[in-house]
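Please read the structure below before turning to the comments.
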Amino acid sequence: KAGVTQTPRYLIKTRGQQVTLSCSPISGHRSVSWYQQTPGQGLQFLFEYFSETQRNKGNFPGRFSGRQFSNSRSEMNVSTLELGDSALYLCASSLEGRNYGYTFGSGTRLTVV
Amino acid sequence: DQQVKQNSPSLSVQEGRISILNCDYTNSMFDYFLWYKKYPAEGPTFLISISSIKDKNEDGRFTVFLNKSAKHLSLHIVPSQPGDSAVYFCAASRNSGNTPLVFGKGTRLSVIA
């Protein structure tokens, strides 16, 4: 079966712009979580969606937002980009949200210049 | 406040020998622990997990040990193979895996042939 698909794979944006990243979970998976990976901080939890509802949210500013559609696909948006937002953004999906069932996508590498 | 700590950023081991990766945690509410492996340009892949009701879990060459009193877990890889060279992340969760994963910063393992 197809894995978790994240698009685009690479992105370069200018400071102050906004960006939208997309994640298509494994077919049948209803939970989608987003993580930010930076060299200094490891993987940090952004938010989790289950059946179109945000179930958990990490400690990130309001510039970071997300949503989930009825087909379980998810998008995350970052507005007013800052240089520090440069990171690998990872999406993970699972059937019911239990973390041991998570499958990660390959990520979107965002560079803010 | 780093709740999950991997104090060794890197580790080099000879092929065929044992690799031991360590992880410490501070939150006594964590009851489920996981190890993920990550290759460059790929998302993390699940390796092995352990519940707090156990002190050991084994899967082939991989064994995870949990010492709750010391709030410490370790991943043993025996024998180590060159294909094991990757970044290893320790992660923890509460409520039997129903809360977002908290990750360590990772340990880069290099297995030298």
Side-chain angles (χ1 to χ4, degrees), chain A residues 2-10 21 23-26 29-50 54-60 64 66 87-111, chain B residues 1-10 21 23-25 27 29-54 57 59 62 64 66 73 86-108:
Chain A
V4 178
T5 303
Q6 291 189 247
T7 56
R9 287 296 307 274
Y10 302 93
L21 311 181
C23 172
S24 293
I26 290 173
H29 284 195
R30 295 193 295 161
S31 170
V32 172
S33 292
W34 289 87
Y35 287 83
Q36 180 197 64
Q37 184 189 5
T38 57
Q41 297 300 320
L43 278 78
Q44 292 190 291
F45 172 72
L46 281 155
F47 23 67
E48 178 199 0
Y49 287 89
F50 183 80
Q54 187 179 85
R55 193 155 68 170
N56 286 294
K57 189 176 190 305
N59 190 24
F60 277 80
F64 291 81
L88 179 67
Y89 290 88
L90 291 160
C91 166
S93 76
S94 71
L95 272 171
E96 295 291 337
R98 285 188 177 259
N99 296 301
Y100 50 77
Y102 272 7
T103 301
F104 280 88
S106 297
T108 294
R109 170 74 61 185
L110 172 65
T111 303
Chain B
D1 177 32
Q2 194 77 13
Q3 297 185 69
V4 177
K5 300 178 185 178
Q6 294 178 257
N7 292 320
S8 299
S10 62
L21 296 97
C23 178
D24 297 296
Y25 61 97
N27 190 337
M29 299 298 291
F30 287 143
D31 60 6
Y32 200 82
F33 305 89
L34 308 89
W35 284 94
Y36 281 82
K37 179 168 74 172
K38 187 179 185 301
Y39 294 117
E42 294 182 14
T45 55
F46 170 74
L47 202 54
I48 192 169
S49 64
I50 188 167
S51 163
S52 60
I53 63 173
K54 295 185 174 182
N57 189 25
D59 183 2
F62 303 92
V64 56
L66 175 62
L73 63 155
V87 177
Y88 289 78
F89 290 97
C90 169
S93 178
R94 293 180 286 115
N95 296 333
S96 302
N98 278 320
T99 59
L101 291 176
V102 179
F103 283 86
K105 294 185 180 182
T107 296
R108 181 176 301 278

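Excluded from the calculations below are hydrogen atoms, water molecules and symmetry mates; all remaining heavy atoms, backbone and side chain alike, are included. Naming: A, B, ... by sequence-line order, numbering from 1 per chain.
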With a 4.5 Å limit on heavy-atom distance, are the side chains of [X] and [Y] in contact?
X	Y	answer
B/Val87	A/Gln37	no
B/Phe103	A/Tyr35	yes
B/Phe46	A/Phe104	no

Working to the nearest 0.5 angstrom, can you tell me the gap between B/Leu101 CG and A/Phe45 CZ? 9.0 Å
Rounded to the nearest 0.5 Å, what separates atom CD in B/Glu42 from atom CG in A/Leu88? 11.5 Å
Just checking B/Lys54: does its NZ atom have more than 12 heavy atoms from other residues, nucleotides or ligands closer to it than 6.0 angstrom? no
Go through the structure and list residues passing side chain to side chain donor-acceptor pair (under 3.5 Å) with A/Tyr89, not counting sequence neighbours. A/Gln36
If you tally heavy-atom pairs under 4.5 Å between each of B/Gly106, B/Ala91, B/Gly43 and chain A, the highest tally belongs to B/Gly43
Taking only residues two or more places apart in sequence or in another chain, which ones pass salt bridge (charged side-chain N to carboxylate O under 4.0 Å, His left out) with A/Arg30? A/Glu96
At a 4.5 Å cut-off on heavy atoms, which part of A/Leu43 comes close to chain B: side chain, backbone, both, or neither? both
Under 4.5 Å from any heavy atom of chain B - which part of A/Arg9: side chain
Under 4.5 Å, counting heavy-atom pairs only, tell me which of A/Ser106, A/Gly107, A/Gly42, A/Pro39 racks up the most with chain B. A/Ser106
